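Working notes, structure below.
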Amino acid sequence: MQSILEAVQAGATGDELASIPLPESYRAAIVRREDAAMFEGVASADKDPRQSLHIGEVPLPEIAPDEAVVAVMASSINFNTVWTSIFEPIPTFGLLDRLGKESEWGKRHALPYQVVGSDAAGVVLRVGSAVRNWTVGDRVTVHCNYVDDQDPSAHDDSMLGSNQRIWGFETNFGGLADLTIVKANQLMPKPTHLTWEESAVNALCNSTSYRMLVSRNGARMKQGDNVLIWGATGGIGGYATQYVLNGGGTPIGIVSSPQKAALLNELGCEAVIDRKAENYRFWSDEHTQDETEWRRFGKKIRSLAGDDPDIVFEHVGRQTMGASIFACKRGGTVVTCAATSGYMVEFDNRHFWMKLKKLLSSHFANYSEAWEANRLINLGKIQPLLSAVYPLEQVGSAALKIHRNEHEGKIGILCLAPTEGLGIDDPEKRDRIGEDKITIFRRYGG
Ligand code: NAP
């Protein structure tokens with residue numbers, strides 16, 4: 001692996017990289033099948049990813065004709081790695097077993113361990129015989145939509161593919177490792193002005209927010225829209241805030257600390273609600289929601305934005321869905337992609353139907369949406385959310401920080417990259433876009 005790293009750092013050509021033999025095994029962050037019941041009886045908040053995420057050597061599998069081997073310079077922690085590592089809502093090994101039954105190549109995935117991780121930036125080391133658009137030596141980022149393109153259901157919008165999966169969550173050989181195996185249709189060009197770790201944090205969250213707000217499959221945000229964003233400095237919220245600002249809308253960002261409020265202001269979001277300071281109690285007990293709190297919340301939004309939100313960017317789930325549906329404007333859209341606080345959501349249907357609101361589901365992004373979102377990063381119109389960087393050995397601590405909501409934006413993980421700051425291909429472009437803009441989350445993350 002050392003010779004691969006040295007060759008990448010020396011700017012080796014594709015031919016030179018292709019002549020370096022691949023190792024038989026590689027370093028990876030894994031969860032183990034035998035641990036799947038280790039947190040039984042433990043409260044969700046007390047489950048510690050440091051106990052379940054291990055660094056180990058795993059064999060490098062053979063690649064299918066439509067796949068590539070990528071040397072991972074950096075990766076990132078996504079919330080799905082938190083879910084995998086606490087085995088909630090279900091252990092992911094059942095998903096690997098299902099993939100294992102699907103095809104000969106699928107069998108490789110059903111293993112006693114899972115290499116996790118759904119983001120990566122790195123260099124292509126090998127391509128399968130059916131790969132056309134990518135060659136050894138290409139500098140890439142990886143998006144996580146894993147699609148079987150022989151399935152007709154995947155050919156309108158690939159997120160509708162009946163066996164669509166998320167790489168590194170519903171598949172093995174994910175990105176939190178020194179090497180990864182991906183389908184060629186997961187590859188995208190690495191933004192030329194960013195470091196490896198800045199390039200590695202975007203694909204999953206940025207593409208998700210792009211689909212939710214900008215794409216025709218999402219809420220179709222338009223100029224002048226008021227958009228209420230939960231977790232507005234979090235992984236998907238930080239990109240959502242930028243999309244609203246870029247698209248001529250008004251973000252109303254909800255966060256939980258003065259520090260995050262200041263970060264939002266610096267991003268250009270003026271309407272900010274600190275939910276902790278406001279002390280909203282949408283649930284008066286485990287079974288009852290409090291409409292007076294929804295009204296207090298709605299009043300606060302109107303005081304900041306002058307109107308109700310045209311779009312609510314939802315992902316918190318049970319704790320907030322009732323308030324989101326209530327606060328949304330007549331005829332407006334609540335778009336949701338997740339349920340961090342619980343997936344059994346409740347809302348008052350009267351406020352929903354009488355005011356002709358819409359509830360729209362969204363999940364990651366198809367290749368075209370991910371490509372567009374990546375292009376906006378490469379143009380410097382959307383900035384990476386990198387706020388902190390950990391070495392791969394500390395992947396459990398990084399996941400714990402996200403599980404405990406002690407972070408801003410995204411946490412990057414150095415895999416093969418020995419230090420931060422490497423991988424910038426176009427320093428002039430970086431200067432043009434502005435170091436201050438690119439590193440805004442890093443300054444707040446410390
Ligand atoms: P994140 O970085 O942890 O950000 C989520 C933010 O939500 C937190 O920073 C927090 O912000 C806010 N939040 C958490 N609990 C809350 C509560 N009880 N009430 C109000 N706000 C709360 O996570 P992320 O990467 O943005 O992901 C968010 C969710 O989306 C996760 O569940 C993830 O699995 C899911 N997701 C889904 C997809 C998909 O394709 N379907 C893609 C990406 C992410 P404050 O504390 O500042 O308010």
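Every value quoted in this text rests on a predicted model; they were computed, and no experiment measured them. We count ligands from 1, going down the list as the structure has it; atoms in each ligand are counted the same way.
For atom 4 (O) of ligand 1, the nearest non-hydrogen atom of the protein is Gly234 CA, 3.6 Å. Atom 45 (P) of ligand 1 has Ser256 OG, 3.3 Å as its closest protein atom, hydrogens excluded (heavy atom only). For atom 40 (O) of ligand 1, the nearest protein heavy atom (residue, atom name, distance) is Phe364 N, 2.7 Å. When hydrogens are left out, the protein atom nearest atom 7 (O) of ligand 1 is His315 CE1, 3.5 Å; that is the closest non-hydrogen contact. Remark: minimum distance from atom 26 (O) of ligand 1 to any protein heavy atom is reached at Ile236 N, 2.8 Å. Protein heavy atom in closest approach to atom 32 (O) of ligand 1: Thr340 OG1, 2.8 Å. The single protein non-hydrogen atom nearest to atom 8 (C) of ligand 1 is Asn405 OD1, 3.4 Å, given as residue, atom name and distance. Among all non-hydrogen protein atoms, the one lying nearest atom 30 (O) of ligand 1 is Ala338 CB, 3.1 Å.
Within the listing of ligand 1, atoms 6 (C), 7 (O), 11 (O), 12 (C) sit less than 4.0 angstrom from a heavy atom of Gly231. Interface of Lys260 with ligand 1, defined as ligand atoms under 4.0 Å from a residue heavy atom, comprises 9 (O), 45 (P), 46 (O), 47 (O). Less than 4.0 angstrom separates some heavy atom of Leu204 from each of these atoms of ligand 1: 42 (C), 43 (C). Taking a cut-off of under 4.0 Å to the non-hydrogen atoms of Cys205, the atoms of ligand 1 that pass are 25 (O).
If you check the side chains of Asn78 and Lys410, you find a donor sitting under 3.5 Å from an acceptor. A donor and an acceptor atom, one from each side chain of Thr141 and Asn202, are nowhere located under 3.5 Å apart. Looking at Asn163 and Arg165, their side chains never bring a donor and an acceptor atom within 3.5 Å of each other.
Counting only non-hydrogen atoms, the option in Arg275, Arg404, His363 that gets closest to atom 39 (C) of ligand 1 is His363. Looking at Ile229, Asn80, Thr208, Asn78, it is Thr208 that brings a heavy atom closest to atom 42 (C) of ligand 1.
A centroid separation of 6.0 Å or more is found between the aromatic rings of Tyr239 and Tyr210. A ring-centre distance under 6.0 Å is found for Trp230 and Phe297.
Remark: of the listed residues Arg430, Arg442, Gln383, Arg430 is the sole one forming a side-chain hydrogen bond (donor to acceptor under 3.5 Å, both in side chains) with Glu198.
Within 6.0 Å of atom CG in Asp285, more than 12 heavy atoms from other residues, nucleotides or ligands are found, so the atom counts as buried in its surroundings. Heavy-atom neighbours of Gln150 CD from other residues, nucleotides or ligands within 6.0 Å: at or below the threshold of 12. Shown here is Lys437, whose NZ atom has no more than 12 heavy atoms of other residues, nucleotides or ligands within 6.0 Å.
Under a 4.0 Å heavy-atom criterion, His407 is in contact with ligand 1.
At a heavy-atom cutoff of 4.0 Å, ligand 1 is contacted by both the backbone and the side chain of Val255.
Ring geometry for His315 against Phe313 counts as perpendicular: the plane angle is over 60°, on a 0 to 90° scale with 30° as the lower cut.
Residue-to-ligand polar distances place Gly235 within reach of ligand 1: an N/O pair is separated by less than 3.5 Å.
Residues Glu408 and Arg443 are not paired through a salt bridge, judged by the lack of any N-O separation under 4.0 Å between the basic side chain and the carboxylate.
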